[in-house]
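As structure tokens, the structure follows; a few thoughts come after it.
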Amino acid sequence: GQQLNQSPQSMFIQEGEDVSMNCTSSSIFNTWLWYKQDPGEGPVLLIALYKAGELTSNGRLTAQFGITRKDSFLNISASIPSDVGIYFCAGLNSGGSNYKLTFGKGTLLTVNP
Amino acid sequence: GAVVSQHPSWVICKSGTSVKIECRSLDFQATTMFWYRQFPKQSLMLMATSNEGSKATYEQGVEKDKFLINHASLTLSTLTVTSAHPEDSSFYICSASGTNYSPLHFGNGTRLTVT
């Protein structure tokens with residue numbers, strides 16, 4: 001089946017630093033999604049990307065859908081303590097009633113104040 | 001935006017009992033709901049896809065007789081963990097998809113602890 005390789009697995013940064021994480025896939029997706037999960041809660045959608053090459057921002061977050069449709073990155077600028085959490089990428093190939101997501105293994109982000 | 005509500009948020013049960021978890025779409029009709037399981041420090045694993053009015057489609061390795069899924073209405077799906085055992089202890093999360101929504105939104109999860 002499809003697999004997503006997400007890196008890095010974890011990051012320890014100082015408040016104010018920028019962060020970058022990425023996902024690569026062995027196969028094509030037509031939608032890439034980035035989620036953040038806080039402990040004990042469900043994932044919250046951060047950014048959705050629908051077109052190859054698309055670059056989308058949401059506040060301090062920027063994500064891009066790779067031109068090959070096999071990769072995506074997420075950047076967080078000027079990190080703050082509340083950015084702490086696990087970030088997941090997810091790929092989706094929607095068609096008809098099939099909306100099955102494939103998740104990466106997550107990037108654990110720790111921000112030191 | 002689309003809101004998905006999950007209940008209960010946590011439950012503790014004794015081994016051998018059954019537990020029901022509800023997933024509701026609050027502001028849209030969910031033709032499809034998805035149930036995931038997440039172990040500590042791991043990613044979400046899809047267990048099954050639930051379509052309103054029809055039988056759920058289970059992923060390989062998921063026991064359909066143990067994890068009963070019912071999607072009787074366009075706003076409610078339930079997951080029942082039958083004859084629960086300690087190894088069923090996990091974080092269960094649902095997401096929902098409607099005719100105008102991709103499955104972009106998740107419930108807040110249910111922490112199940114089987115003693």
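From a predicted model like this one, the values you see are computed outputs, not experimental measurements. Lettering of chains follows the sequences in order, A, B, ..., and the numbering in each one begins at 1.
Residues Val4(B) and Ile21(B) fall into different hydrophobic clusters, defined by Ile, Leu, Val, Met, Phe, Trp and Tyr side chains chained together at heavy-atom separations under 4.5 Å. Criterion: ILVMFWY side-chain heavy atoms under 4.5 Å apart, direct or through other members. Under it, Ile69(B) and Val81(B) are part of a common hydrophobic cluster. Clustering ILVMFWY residues whenever any of their side-chain heavy atoms sit less than 4.5 angstrom apart, transitively, puts Leu74(A) in the very cluster that holds Leu4(A). Ile47(A) is connected to Tyr87(A) through a chain of hydrophobic side-chain contacts under 4.5 Å among Ile, Leu, Val, Met, Phe, Trp and Tyr, so both are in one cluster. Cluster annotation: Val19(A) and Val84(A) are assigned to the same hydrophobic cluster (Ile/Leu/Val/Met/Phe/Trp/Tyr, side-chain heavy-atom contacts under 4.5 Å, transitive).
By the side-chain hydrogen bond (donor to acceptor under 3.5 Å, both in side chains) test, Ser20(A) is found to be paired with Asn75(A), residues two or more places apart in sequence or in another chain being considered.
To the nearest 0.5 Å, atoms CD1 (Ile86(A)) and CD (Gln38(B)) are separated by 6.5 Å. Atom CG of residue Leu44(B) and atom OG1 of residue Thr102(A) lie 11.5 Å apart, to the nearest 0.5 angstrom.
For residues 86-94 of chain B, heavy-atom neighbours of chain A at less than 4.5 Å comprise Phe91(B), Ile93(B), sorted by residue number. For residues 6-17 of chain B, a heavy-atom distance under 4.5 Å to chain A picks out no residue at all.
With a 4.5 angstrom heavy-atom cutoff, Glu59(B) touches chain A only via side-chain atoms. Of the atoms belonging to Gln37(A), it is side-chain heavy atoms, and not backbone ones, that fall under 4.5 Å from chain B. Within the 4.5 angstrom heavy-atom criterion, only side-chain atoms of Phe88(A), from C-beta onward, approach chain B.
With chain B as the partner, the residue from Ala48(A), Ala90(A), Gly42(A) showing the most heavy-atom pairs under 4.5 Å is Gly42(A).
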Contacts table for residues 59-66 of chain A: side-chain donor-acceptor under 3.5 angstrom, sequence neighbours left out:
residue: Arg60(A); atom: NH1; partner: Ser77(A); partner atom: O; Å: 3.0
residue: Arg60(A); atom: NH1; partner: Ala78(A); partner atom: O; Å: 3.3
residue: Arg60(A); atom: NH1; partner: Asp83(A); partner atom: OD2; Å: 2.9
residue: Arg60(A); atom: NH2; partner: Asp83(A); partner atom: OD1; Å: 2.8
residue: Arg60(A); atom: NH2; partner: Asp83(A); partner atom: OD2; Å: 3.3
residue: Thr62(A); atom: OG1; partner: Ser57(A); partner atom: OG; Å: 3.2
residue: Gln64(A); atom: NE2; partner: Gly53(A); partner atom: O; Å: 3.1

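The environment of Lys51(A) atom NZ is sparse: at most 12 non-hydrogen atoms of other residues, nucleotides or ligands sit within 6.0 angstrom. Within 6.0 Å of CD in Gln9(A) there are 12 or fewer heavy atoms belonging to other residues, nucleotides or ligands. The environment of Met11(A) atom CE is dense: over 12 non-hydrogen atoms of other residues, nucleotides or ligands sit within 6.0 angstrom. More than 12 heavy-atom neighbours from other residues, nucleotides or ligands sit within 6.0 angstrom of NZ on Lys36(A).
Using a 4.5 Å cut-off on side-chain heavy atoms (C-beta onward), Phe34(B) and Leu101(A) make no contact.
Of the possible polar contacts, one joining the Ser43(B) side chain to the Gly104(A) backbone as a donor-acceptor pair under 3.5 Å is found.
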